[in-house]
Amino acid sequence: MKSAKKIIPAGLLLSALLLGCLPITGKNRATDFSTEGLSQKEFAFRIRKLQNDYLTLDEKEGPDAVRIHQDLVSLFLSPHNPDRDLGRAATELEEIISLSPQGPERDEAKSILTILNEFTEQRRVIETLQAQLDEAQSARESQGAKDRRIKELTAENTSLKQRQEELRAENRKLETTIEKLKFLDLNIEKKRKNFR
């Protein structure tokens with residue numbers, strides 16, 4: 001139950017982040033940055049553009065670089081992005097942390113990265129538990145099929161035993177009839193000898 005309590009807060013915080021309730025902000029952040037209504041191609045285009053913008057920066061450790069990384073995080077975590085990528089978002093957050101030795105950008109990036117890492121770990125735990133649950137369900141279904149087969153075989157065995165008893169009773173009757181016929185045959189043979 002302890003891990004379930006951890007899953008809920010981490011999931012809620014990351015959900016809030018992914019839904020835009022905890023936007024990545026900062027004094028260098030573009031104010032008109034919106035991802036709502038973007039297509040998959042538009043997301044890919046914006047990501048490539050930002051990556052190219054970063055490559056062309058003269059100062060790769062300045063506020064413009066931090067802004068680009070923040071925008072990339074927003075694109076990778078956007079709930080509107082069909083190719084949401086938590087791993088790449090984490091990489092961008094680590095880059096922001098390394099570029100901002102102090103200040104609100106670093107603190108915000110560290111907070112979001114912590115939540116993202118907890119969420120990723122909890123998702124792994126949930127996936128592991130789901131796999132174990134699926135395996136147990138499969139084993140239970142397999143056991144159920146085995147139990148049904150055992151019942152079928154038991155019923156078939158009972159039916160065969162009953163048929164065996166019927167055949168034994170019929171065999172005893174036939175043996176009795178054969179003994180009577182032998183006795184009659186001997187008597188007929190004696191009478192025939194006596195009659196000659």
Side-chain angles (χ1 to χ4, degrees), residues 1-22 35-41 43-44 47 73-94 111-196:
M1 191 66 183
K2 195 175 201 178
S3 64
K5 288 181 182 177
K6 284 185 175 181
I7 292 172
I8 293 170
L12 288 176
L13 287 173
L14 190 61
S15 296
L17 168 74
L18 295 177
L19 293 174
C21 295
L22 294 174
T35 60
E36 190 170 350
L38 292 180
S39 70
Q40 186 173 10
K41 286 182 181 181
F43 271 102
I47 289 169
V73 169
S74 293
L75 288 170
F76 289 133
L77 292 180
S78 172
H80 307 292
N81 185 352
D83 294 327
R84 190 176 318 161
D85 191 335
L86 303 181
R88 289 177 71 183
T91 301
E92 295 300 329
L93 287 165
E94 289 167 354
S111 296
I112 294 170
L113 183 60
T114 300
I115 293 168
L116 188 60
N117 287 337
E118 286 177 12
F119 176 79
T120 303
E121 179 58 32
Q122 295 304 325
R123 187 168 65 177
R124 271 191 225 113
V125 168
I126 290 169
E127 288 170 353
T128 300
L129 292 173
Q130 185 62 48
Q132 290 172 349
L133 181 64
D134 291 346
E135 187 177 317
Q137 180 68 24
S138 177
R140 194 171 110 200
E141 288 171 1
S142 176
Q143 185 61 42
K146 287 178 184 177
D147 290 346
R148 284 190 297 279
R149 184 65 181 142
I150 288 171
K151 283 181 182 178
E152 290 171 3
L153 290 173
T154 301
E156 188 177 327
N157 189 29
T158 302
S159 176
L160 288 172
K161 284 182 178 180
Q162 186 178 7
R163 180 67 181 135
Q164 183 182 27
E165 286 302 316
E166 290 170 0
L167 289 173
R168 281 185 180 158
E170 191 176 322
N171 191 26
R172 285 191 293 271
K173 284 181 184 177
L174 288 174
E175 285 176 353
T176 303
T177 304
I178 289 172
E179 287 300 317
K180 288 180 182 177
L181 288 173
K182 282 183 184 178
F183 180 73
L184 281 174
D185 190 42
L186 285 174
N187 282 341
I188 291 174
E189 192 59 39
K190 280 183 186 176
K191 285 185 182 179
R192 218 181 194 175
K193 283 184 183 180
N194 287 340
F195 184 71
R196 286 192 190 175

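In this chain, numbering begins with 1 at the start of the sequence shown.
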Please list all pairs passing the side chain to side chain donor-acceptor pair (under 3.5 Å) test where one or both residues lie in residues 179-189, with sequence neighbours left out.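 Matches after skipping sequence neighbours: E189-R192.
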
Run the salt-bridge test on K173 and E170 with the 4.0 Å N-O cut-off and return the result as yes or no.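 Salt bridge absent between K173 and E170.
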
Begin with the C-alpha distance, continue with both residues' side-chain angles, and end with the deciding distance and a verdict on side-chain contact (heavy atoms from CB on, under 4.5 Å) for I47 and F76. CA-CA 8 Å; I47 289 169; F76 289 133; 3.5 Å; yes

For residues 129-137, which side-chain donor-acceptor pairs fall under 3.5 Å, sequence neighbours excluded?
unit_1: Q130; atom_1: NE2; unit_2: D134; atom_2: OD1; d: 2.8
unit_1: Q137; atom_1: NE2; unit_2: E141; atom_2: OE2; d: 3.1

[X] side, atom [atom1]; [Y] side, atom [atom2] - distance, nearest 0.5 Å:
X: N81; Y: S39; atom1: CG; atom2: OG; result: 10.0 Å
X: F43; Y: R84; atom1: CZ; atom2: CZ; result: 9.0 Å
X: I115; Y: T120; atom1: CD1; atom2: OG1; result: 11.5 Å

Who are the salt bridge (charged side-chain N to carboxylate O under 4.0 Å, His left out) partners of E127, not counting sequence neighbours?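 Counting only residues at least two positions away or on another chain, E127 forms no salt bridge (charged side-chain N to carboxylate O under 4.0 Å, His left out).
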
Student check: side-chain heavy atoms of L77 and L116 closer than 4.5 Å: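 The answer is yes; the side chains approach within 4.5 Å.
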
Mind checking whether R88 and V73 have side chains closer than 4.5 Å, heavy atoms only?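 No, side chains not in contact.
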
Just list the side-chain donor-acceptor pairs under 3.5 Å for residues 153-163, sequence neighbours left out, or say none.
unit_1: T154; atom_1: OG1; unit_2: I150; atom_2: O; d: 2.7
unit_1: T158; atom_1: OG1; unit_2: T154; atom_2: O; d: 2.9
unit_1: R163; atom_1: NH1; unit_2: E166; atom_2: OE1; d: 3.4

In sequence, state the C-alpha distance, the side-chain angles, and the governing distance for E175 and R172, and then conclude on salt bridge (Lys or Arg N to Asp or Glu O under 4.0 Å). CA-CA 5 Å; E175 285 176 353; R172 285 191 293 271; over 6 Å; no

side-chain contact (heavy atoms from CB on, under 4.5 Å), paired with L93, selected from L113, N117, T114: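 Between L93 and the candidates, side-chain contact (heavy atoms from CB on, under 4.5 Å) is satisfied uniquely by L113.
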
A quick test of your reading: do over 12 heavy atoms of other residues, nucleotides or ligands sit less than 6.0 Å from CD of E36?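 Result for CD/E36: open.
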
Apply side chain to side chain donor-acceptor pair (under 3.5 Å) to D83 and list each qualifying residue two or more places apart in sequence or on a separate chain.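 In terms of side chain to side chain donor-acceptor pair (under 3.5 Å), with neighbours along the sequence ignored, D83 is linked to Q40.
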
All side chain to side chain donor-acceptor pair (under 3.5 Å) counterparts of E165, not counting sequence neighbours: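 E165 satisfies side chain to side chain donor-acceptor pair (under 3.5 Å) with R168 once adjacent residues are dropped.
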
